[in-house]
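Every chain is numbered from 1 and lettered A, B, ... according to where its sequence line falls, protein lines coming before strand lines.
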2 protein chains.
Amino acid sequence: MTITAGESREAISSEELEVWRMLQRAQVRITRALEADLLVEHDLALASYDVLLQLSESPGRRLRMNDLADRVLLSRSGLTRLIDRLQRDGLVEREACTSDARGLFAVLTDGGAARLAEAAPTYLRGIRAQFLDVLDGDELRQCAAMLNKLFPDPCTGQDSC
Amino acid sequence: MTITAGESREAISSEELEVWRMLQRAQVRITRALEADLLVEHDLALASYDVLLQLSESPGRRLRMNDLADRVLLSRSGLTRLIDRLQRDGLVEREACTSDARGLFAVLTDGGAARLAEAAPTYLRGIRAQFLDVLDGDELRQCAAMLNKLFPDPCTGQDSC
DNA sequence: ACTGTGTAGATGCGCGTACAACGTTCTAAG
DNA sequence: CTTAGAACGTTGTACGCGCATCTACACAGT
């Protein structure tokens with residue numbers, strides 16, 4: 001393997017690989033535990049919870065489908081189906097966009113807000129148990145710093161309408 | 001919506017929540033980029049790569065289905081189907097366990113090892129680009145320390161036979 | 001108004017996964 | 001030896017996701 005100036009051409013040590021593997025395992029493990037709790041206690045998938053949460057934090061409890069898809073890390077088609085289900089369950093409604101006939105808002109209903117409020121304690125408890133409680137303040141700060149480098153700032157959402 | 005819809009012992013600050021969310025986003029992002037590369041360049045899913053890798057690192061290039069399922073973070077049925085596919089493609093073979101007629105080994109074939117060797121550079125390059133290169137040595141050490149707390153003792157695999 | 005390019009969502013389809021149930025085999029108690 | 005229960009792996013089934021595709025609409029240039 002050729003070595004040029006710059007670190008990116010160096011071989012990867014087994015320690016580095018191990019860090020990566022542990023990261024994967026930890027993330028999957030935490031996410032599954034969290035989702036299982038939500039599913040058992042509130043019959044709510046993690047993706048659904050995220051959608052409800054994003055909507056609840058948005059002005060007017062509404063978001064364009066496109067913007068929402070970006071925030072929830074879901075494909076457009078995936079979001080369409082998920083909103084279908086949430087709408088069927090009465091947690092969300094679709095509303096046309098007056099200034100752009102292509103656009104559609106997903107709007108959180110009162111029922112959806114209530115359901116979110118119900119589930120929030122479970123969610124927060126899970127995060128604390130699986131993640132936050134395990135780390136101290138310094139570690140959390142270090143973690144935040146690393147994440148900022150890993151995930152610069154893609155979410156400059158532009159809302160139209 | 002406020003954070004404490006229900007009562008937790010200690011409130012979770014929005015910074016903490018934000019760290020968790022970024023962790024989720026970063027992990028999904030990295031994993032998808034990695035999988036996309038593997039798929040495009042070698043027509044190999046990430047889960048398949050992991051199976052091949054685990055087998056290649058195991059004595060005799062073989063592992064019991066159950067042990068393998070644990071290491072790859074897959075359900076038993078999921079692993080059955082995945083091994084079906086890998087076997088169909090000639091990358092893996094099934095072999096009976098002589099001392100336990102219930103048991104089955106998944107065995108890496110020469111073709112599977114070759115395919116793994118082919119794909120490894122892509123995998124390693126992806127990890128470097130998405131993860132390792134972004135962090136410096138200190139950060140990597142901090143990350144390892146945190147992960148050890150989050151995921152105390154992952155792989156205490158006991159091989160039978 | 002007309003046409004071409006781009007964007008917003010929805011839909012057909014195939015794939016991969018998990019859950020539950022099943023058959024087979026191992027193990028221990030009687 | 002017999003039998004109950006656990007463990008291993010596979011199969012039926014349903015579900016969620018993404019890709020490619022489609023329709024409807026927007027906006028610019030002519």
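- If you take CG of A:Leu104 and C1' of C:dA10, they are 10 Å apart, rounded to a whole angstrom.
- Distance CZ (A:Arg64) to C1' (C:dA10): 14 Å, rounded to an integer number of Å.
- If you check D:dG9, C:dA18, C:dT25 against the side chain of B:Ala101, the one that comes closest is C:dT25.
- If you take CG of A:Leu63 and C1' of C:dA8, they are 14 Å apart, rounded to a whole angstrom.
- Out of D:dC17, C:dG9, D:dT10, the shortest distance to the side chain of B:Arg76 is found at D:dT10.
- Two residues are said to be in side-chain contact when any heavy atoms from C-beta on lie closer than 4.5 Å; A:Arg128 and B:Glu16 fail this criterion.
- Atom CG in A:Leu46 sits roughly 14 Å away from atom P in D:dG16 (whole-Å rounding).
- Contact between B:Arg29 and A:Leu150 at its shortest, heavy atoms only, is NH1-O, 3.5 Å.
- Summarising the geometry, the separation between CD1 on A:Ile83 and C1' on C:dG9 is reported as 12 Å, rounded to the nearest angstrom.
- Heavy-atom nearest nucleotides on DNA chain C were determined for A:Arg102 and for A:Gly78, and the one closer to the 5' end corresponds to A:Arg102.
- Taking the side chain of B:Asp100 as heavy atoms from C-beta on, and the options D:dC17, C:dT17, C:dT25, the nearest nucleotide is C:dT25.
- Distance A:Leu79 CG to D:dC17 P: 10 Å, rounded to the nearest Å.
- Note on A:Arg32: every side-chain N or O is 4.0 Å or more away from OP1 and OP2 of C:dT17.
- For A:Ser75 against D:dC19, a side-chain-to-base donor-acceptor contact under 3.5 Å is absent.
- For B:Ala47, the side-chain atoms get nearest to C:dT17 when compared with the rest of D:dG16, C:dT17, C:dG9.
- Under 3.5 Å, the side chain of A:Arg81 and the base of C:dG12 form at least one donor-acceptor pair of N or O atoms.
- Rounded to whole angstrom, the span from the CD atom of B:Glu35 across to the C1' atom of C:dT17 amounts to 13 Å.
- A donor and an acceptor atom sit less than 3.5 Å apart, one in the side chain of B:Ser77 and one in the base of C:dA18.
- Side-chain contact between B:Glu15 and A:Arg141 is absent, with no heavy atoms from C-beta onward closer than 4.5 Å.
- Contact check for B:Tyr123 versus B:Leu34: side-chain heavy atoms found under the 4.5 Å cut-off.
- A:Asp70 places its CG atom 14 Å from the C1' atom of C:dG9, with the value rounded to the nearest Å.
- The phosphate of D:dA7 has neither OP1 nor OP2 within less than 4.0 Å of any side-chain N or O from B:Asn66.
- The distance from atom CD of A:Gln27 to atom CG of B:Leu147, rounded to the nearest 0.5 Å, is 11.0 Å.
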